[in-house]
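A quick write-up on the structure given underneath.
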Amino acid sequence: MAKDIIVLLFRRGIGALISILATTTIIKNLSVEDYGIYSIFLNVITLSSTFTTLGIDAATGYVLQNKKYKPQDALINTFLLGTIISVISFFLFYILFFNLHLSDFNVIPNDIKMFMVISSVCMLFANILYSILIGNMHFKSYSFFTIIPNLSLLAALFFTTRFFKLSLKETAFYFMIGYVLTVTSLSIYLIIRYRILKRLRKFNREISSYILRYGFQSYLSNGITFLNYRVNIFIIGYYLGTKNVGIYSTCLVIIDFVWLVSSTMASITYPMFSNPNIGDLRKKLIPIITRSILLLTSLAFFTFYILDDFLIPLLFGQEFLVIKSILLILAPGVILFGGSKIITADFISQGKPKTNIYLNIFALIITIVVNYILIPDFGLKGAAIASSISFSCVFLLSLFIYCKMTRTRILDYIIPRLSDFKMILKTRS
């Protein structure tokens, strides 16, 4: 595990820095209103790709590790299912994006909507292909291919801003190209490495049905989680306009960076603990990892907060200093939700994705209700309060359920110890 953690953290750290550099370049070269439109563009793409995977990406890691089917057969079925769904989704997205009339959606020009269609399909397929790498625990390859979209975007942005004036249309186009390159290169890599074209006859209805059945439960959970994380973007757009969407979106950039360690650990523990032969190791490690993540997330968040009078103007511009107070409101929920990523990932690895569905429905209801109550009167601070409450509830409730299920103590998941990191680093996958 030590090697996987170091490799994945290092490469994800590089990827996160590249993403932040790309985002800051966009923010500094577009108006706040155009960045707000771009944020809606990104959220629609992420929402669309998340809701059309049907959970195949979430199921793949479990199916490849739980030994129910041969990993090679499961891999072939995942690849073919992803291909079929991506083709169908292209036509679905095209019809939907060009015929949907909502106040937030109408601000996006039609030519950019075509970029949205292609980007959504490519992100959808990329997420499914990424899951094959994670399920096989090929973290080096996973880290490499996940960097391509942001690296391609940053290179194009750097060239354009160096010699020309950056526009919203060009920014959206560069985002699309990044995912086209990723899907193309990753597909070729997987086809060659696993000889997929020679093994198409391995497509099996039973395996595919199992992937879809298990994945659908994870799909519901992940979809609801995404809504819980992003729904206030659309509510802010409705009540406060695209400028405030752009401002609040910068908070999400910072939050994603703060969650880097917890997301990385969840990516490692999910496929590893899907193996039914290491139940004792799971019971020992999950409390250690969870309390370590809470500590590291707290340190990351408050380090940024202490330095944000310098970092925010440097990264985003002086006009975004308003997010400092918003980040402080978000802090409790962001820190606790970092811990919940480990616990909820383990529910899935134990074959219990339904638990996450109920947790996330509960959290989503809180988010929507509190957003609609607070945003009209308190603006962006109201949105931050709603998210912080929702994130905190997910952690507390998931921890309570997990402790009941494993017969462990709640305090074991909260209070860090000096020996924790040594234990994690000594563990071998």
Side-chain angles (χ1 to χ4, degrees), residues 1-13 15-16 46 50 53 55 57-66 127 130-139 142-143 146 215 217-219 221-226 228-229 255-275 278 281-298 300-301 333-353 355-357 359-360 363 391 394-395 397-399 401-402 406 413 420-421 424-425 427 429:
M1 182 185 281
K3 185 178 179 181
D4 292 335
I5 293 172
I6 293 169
V7 168
L8 202 51
L9 269 179
F10 177 73
R11 296 199 179 185
R12 276 200 169 183
T46 311
T50 298
T53 61
D57 54 338
T60 300
Y62 179 77
V63 175
L64 289 176
Q65 289 292 325
N66 74 350
N127 288 337
Y130 290 154
S131 70
I132 294 175
L133 298 176
I134 293 175
N136 281 313
M137 304 191 75
H138 294 156
F139 296 115
Y142 169 74
S143 301
T146 52
Q217 297 178 54
S218 300
Y219 159 77
S221 174
N222 292 340
I224 297 166
T225 299
F226 175 81
N228 188 36
Y229 181 45
I255 290 171
D256 285 336
F257 188 78
V258 170
W259 281 339
L260 178 65
V261 177
S262 59
S263 298
T264 300
M265 285 302 303
S267 297
I268 293 171
T269 60
Y270 162 55
M272 183 176 75
F273 290 137
S274 293
N275 187 329
I278 55 174
L281 183 62
R282 166 197 285 120
K283 191 172 182 179
K284 186 175 183 179
L285 272 184
I286 292 298
I288 295 174
I289 294 172
T290 303
R291 63 190 185 233
S292 300
I293 289 299
L294 289 175
L295 175 62
L296 291 173
T297 305
S298 300
F301 194 98
V334 170
I335 292 168
L336 293 178
F337 197 75
S340 74
K341 284 177 177 286
I342 305 301
I343 297 173
T344 54
D346 202 52
F347 283 139
I348 298 176
S349 69
Q350 294 186 58
K352 298 178 180 179
T355 305
N356 286 344
I357 295 175
L359 282 169
N360 290 320
F391 292 159
V394 170
F395 173 74
L397 189 55
S398 64
L399 178 59
I401 294 171
Y402 195 83
T406 57
Y413 297 80
D420 289 348
F421 298 102
I424 295 172
L425 292 175
T427 304
S429 57

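Just so it is clear, the structure is predicted and the values come from calculations on it, not from any experiment.
Here the closest non-hydrogen pair linking Thr50 and Thr53 is O-OG1, 3.2 Å. The shortest heavy-atom contact between Val261 and Ile293 is CG1-CD1, 3.5 Å. For the pair Lys341 and Ala266, the tightest heavy-atom approach, listed with the atom from each and the gap, is O-CB, 3.9 Å. When all heavy atoms of Tyr413 and Leu294 are compared, the closest pair comes out as O-CD1, 3.5 Å.
Counting heavy atoms from C-beta on, the side chains of Phe347 and Ser398 come closer than 4.5 Å. Ile401 has its side chain within reach of Leu359: a pair of non-hydrogen atoms, C-beta onward, lies under 4.5 Å apart. You'll find the side chain of Tyr402 stays beyond 4.5 Å of the side chain of Thr344, heavy atoms only.
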Q. Yes or no on side-chain contact (heavy atoms from CB on, under 4.5 Å) for Phe301 and Ser298, after CA distance, side-chain angles and deciding distance?
A. CA-CA 5 Å; Phe301 194 98; Ser298 300; 6.0 Å; no
Q) Does the pair Phe395 and Ile335 meet the rule for a side-chain contact (heavy atoms from CB on, under 4.5 Å), with working shown? A) CA-CA 10 Å; Phe395 173 74; Ile335 292 168; over 6 Å; no
Q: Please report the C-alpha distance between Val394 and Phe337 in whole Å, then the side-chain angles of each, then the deciding distance to 0.1 Å, and finally whether the side-chain contact (heavy atoms from CB on, under 4.5 Å) criterion is met.
A: CA-CA 7 Å; Val394 170; Phe337 197 75; 3.8 Å; yes
Q: Before giving the answer on side-chain contact (heavy atoms from CB on, under 4.5 Å), spell out for Thr60 and Ile132 the whole-Å C-alpha distance, their side-chain angles and the decisive distance to 0.1 Å.
A: CA-CA 6 Å; Thr60 300; Ile132 294 175; 4.3 Å; yes
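Counting only distance, with no hydrogens or angles, the side chain of Asn360 and the backbone of Asn356 share a donor-acceptor pair below 3.5 Å. Judged by distance alone, with hydrogens and angles left aside, the side-chain atoms of Thr290 form no donor-acceptor pair with the main-chain N or O of Pro287 at under 3.5 Å.
Atom-to-atom distance recorded for Thr297:OG1 and Trp259:CH2 is 9.5 Å, nearest 0.5 angstrom. Here the CG atom belonging to Leu399 is positioned 10.0 Å from the OG atom belonging to Ser340, to the nearest 0.5 angstrom. Rounded to the nearest 0.5 Å, atoms OG1 (Thr406) and CG (Asp346) are 9.0 Å apart. Atoms CD1 and CG, from Ile289 and Leu285 in turn, are 5.0 Å apart once rounded to the nearest 0.5 Å.
Not counting sequence neighbours, the partners of Phe257 by the side-chain contact (heavy atoms from CB on, under 4.5 Å) test are Ala16, Leu17, Ile20.
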